[in-house]
2 protein chains.
Amino acid sequence: MKPQTTDLEQSILEAAERLFLEKGFAGTSTTDIAHAVGCNQALVHYYYRTKERLFRGIFINKINLLLDYLDKFEYNGCMMSAIGRVIDFYFALLRSNPRLPFFVMNELVLNKERREWMRETFVENEKRRRVYYSFSEIVRKEVEKGTIRPIEPLFLLLDVVSLVVMTFTTLPIYADLLEKSEQEVDTYLEERKKEIFIFVMKGLQP
Amino acid sequence: MKPQTTDLEQSILEAAERLFLEKGFAGTSTTDIAHAVGCNQALVHYYYRTKERLFRGIFINKINLLLDYLDKFEYNGCMMSAIGRVIDFYFALLRSNPRLPFFVMNELVLNKERREWMRETFVENEKRRRVYYSFSEIVRKEVEKGTIRPIEPLFLLLDVVSLVVMTFTTLPIYADLLEKSEQEVDTYLEERKKEIFIFVMKGLQP
DNA sequence: ATCTTATTTAATAAGGTTATTAAACCGGCT
DNA sequence: AGCCGGTTTAATAACCTTATTAAATAAGAT
């Protein structure tokens with residue numbers, strides 16, 4: 001009665017993903033992962049050699065998933081509708097991966113080496129730089145035109161990211177502390193998205 | 001040459017605090033703590049019995065520190081100056097304890113049992129309920145008066161908390177990824193505070 | 001049927017973790 | 001000096017962690 005005849009390598013990756021997202025790197029052992037899959041612990045090492053390598057693969061994947069969504073900022077002349085689209089897309093993404101942003105932040109904040117590795121891998125990455133650069137150019141021009149108030153591009157980014165990310169990061173706290181049902185959480189998220197959009201829109205008015 | 005003739009019990013607490021804040025519960029061992037103090041590992045247990053008890057003491061302390069600052073919301077007729085004061089106070093607090101909000105969030109998000117314990121300890125706490133209730137009444141009245149746009153009190157709270165907390169949570173990422181000096185980080189925080197204030201002020205306009 | 005190669009397992013090395021224990025230490029009191 | 005209580009230590013139990021190894025198993029090719 002094997003767990004499934006599907007690829008064990010893949011199952012291990014998925015279990016690792018779920019557990020790392022839920023309990024973090026330090027809170028998850030390779031034994032936990034093997035147990036979740038229902039296989040021998042040595043298999044985790046057979047396929048991924050070390051816990052760190054397994055983690056890295058997942059980590060880089062998740063960061064890319066998050067960063068790629070920034071491309072959804074397809075500016076077509078209207079700042080607010082571009083921002084609205086990004087908010088929409090991130091809400092959709094995080095709706096099905098609520099722990100994602102916390103996971104990435106968590107590991108970056110808790111581990112200096114990972115920050116260094118992240119700098120080498122992403123900040124010094126030409127494509128990523130370009131995306132940020134073109135975003136900041138758009139913001140600068142909008143400010144010049146007077147369609148939005150004067151604001152540092154980085155701050156605008158941080159404002160939106162803060163609001164969206166914290167919504168999902170605090171979601172388990174919201175749900176458990178205030179004992180909300182899944183249905184209530186759904187409604188809450190819908191309302192929250194609207195609030196963020198209004199807040200940003202008003203907050204950017206000249 | 002004793003580490004200091006000061007209270008070892010206190011030194012242990014302080015080292016534990018520093019390490020838990022920096023690396024989280026799972027990432028810190030009692031051996032690490034003893035090592036940081038320069039004492040025997042058994043001493044940590046002699047004074048605090050278990051790692052969990054030691055952690056809880058620190059954790060409850062930090063939550064209280066954070067929640068008590070909400071009292072700085074001394075409303076005297078002007079919403080924005082009250083919010084401005086809260087932002088100011090939190091920036092001052094977090095300036096010297098930048099990892100504090102992340103620490104609390106981290107442990108609450110990563111550990112379901114802690115969320116349950118937190119609900120019993122705080123949400124069912126009369127004093128805390130009153131503070132939130134009076135805040136939400138003020139918001140409701142301001143909305144009625146038309147001095148601010150319609151907004152759920154919880155959302156307003158979450159908006160401000162998100163912006164402030166994320167500023168400090170992402171600080172190590174900002175500093176390390178963009179290789180900023182301490183001086184630059186200072187300026188950044190000063191600018192960021194202003195931005196948050198403007199953003200919230202504009203974001204609340206009717 | 002046997003060989004081959006990839007997969008999976010049990011066993012284990014090497015080390016780390018929390019928590020307890022019994023013994024040593026040390027300063028003050030009688 | 002001897003005793004006492006709180007403090008500190010070394011030693012250790014019991015267990016968990018990562019990673020490796022050698023042997024067992026499975027499955028396809030010849």
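If you're wondering where the values come from, they're calculated on a predicted model, not measured in any experiment. We name chains A, B, ... by the order of the sequence lines, and we start the count at 1 in each one.
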Review point. Does any pair with a residue in residues 151-168 of chain A pass side chain to side chain donor-acceptor pair (under 3.5 Å), and if so which ones, sequence neighbours excluded?
Key: Asp159(A)-Arg192(B), Thr167(A)-Arg192(A)

Check your understanding: Among pairs that include at least one residue of residues 82-93 of chain B, which meet side chain to side chain donor-acceptor pair (under 3.5 Å), considering only residues two or more places apart or in two chains?
Key -> Asp88(B)-Lys193(B)

Review point. 5'-most contact on DNA chain D: Asp32(A) or Arg49(A), nearest heavy atom basis?
Key: Asp32(A)

Point to revise | Non-neighbouring partners of Glu116(A) that pass side-chain hydrogen bond (donor to acceptor under 3.5 Å, both in side chains), sequence neighbours left out | key: none

Review point. Can you name the side-chain hydrogen bond (donor to acceptor under 3.5 Å, both in side chains) partners of Glu184(A), sequence neighbours left out?
Key: Ser181(A)

[X] side chain N/O closer than 4.0 Å to the phosphate oxygens (OP1, OP2) of [N]?
X        : N       : value
Tyr47(A) : dT8(C)  : yes
His45(B) : dT18(C) : no
Tyr46(B) : dT9(D)  : no

Using atom types as modelled, flag every donor-acceptor pair under 3.5 Å from a side chain in residues 99-108 of chain A to any protein atom, sequence neighbours excluded.
| residue | atom | partner | partner atom | Å |
| --- | --- | --- | --- | --- |
| Arg99(A) | NH2 | Val109(B) | O | 2.9 |
| Glu107(A) | OE2 | Phe25(A) | N | 2.9 |

**Study point:** Pair Arg130(B)-Asn125(B), side-chain donor/acceptor within less than 3.5 Å
**Key:** no

Practice item. Classify every nucleotide of nucleotides 11-16 of chain D by which part a protein heavy atom approaches to under 4.0 Å, writing B for the base, S for the sugar-phosphate alone and - for neither, in 5'-to-3' order. Key: ------

Quick one: which residue pairs count as a salt bridge (Lys or Arg N to Asp or Glu O under 4.0 Å) with a foot in [range], not counting sequence neighbours?
range                       : value
residues 55-67 of chain A   : Glu17(A)-Lys62(A), Glu52(A)-Arg56(A)
residues 163-179 of chain B : Lys112(A)-Asp176(B), Arg115(A)-Asp176(B), Arg119(A)-Glu179(B)
residues 25-51 of chain B   : none

Enumerate, atom names and distances included, each donor-acceptor pair closer than 3.5 Å involving a side-chain atom of residues 136-143 of chain B, sequence neighbours excluded.
| residue | atom | partner | partner atom | Å |
| --- | --- | --- | --- | --- |
| Ser136(B) | OG | Tyr132(B) | O | 3.4 |
| Ser136(B) | OG | Tyr133(B) | O | 2.9 |
| Glu137(B) | OE2 | Arg140(B) | NE | 3.3 |
| Glu142(B) | OE1 | Thr147(B) | OG1 | 2.5 |
| Glu142(B) | OE2 | Tyr75(B) | OH | 2.2 |

Point to revise | Bend angle of the helix from dA1(C)-dT30(D) to dT30(C)-dA1(D), from helix axes over five pairs at each end, nearest 10° | key: 20°

Exercise for review: Go through residues 19-28 of chain A and report each residue with a non-hydrogen atom lying under 4.0 Å from DNA chain D, sorted by number.
Suggested key: Thr28(A)

Exercise for review: Remember a base hit wins even if backbone is also touched, and classify Thr31(B) as base, sugar-phosphate or nothing at under 4.0 Å, heavy atoms.
Suggested key: base

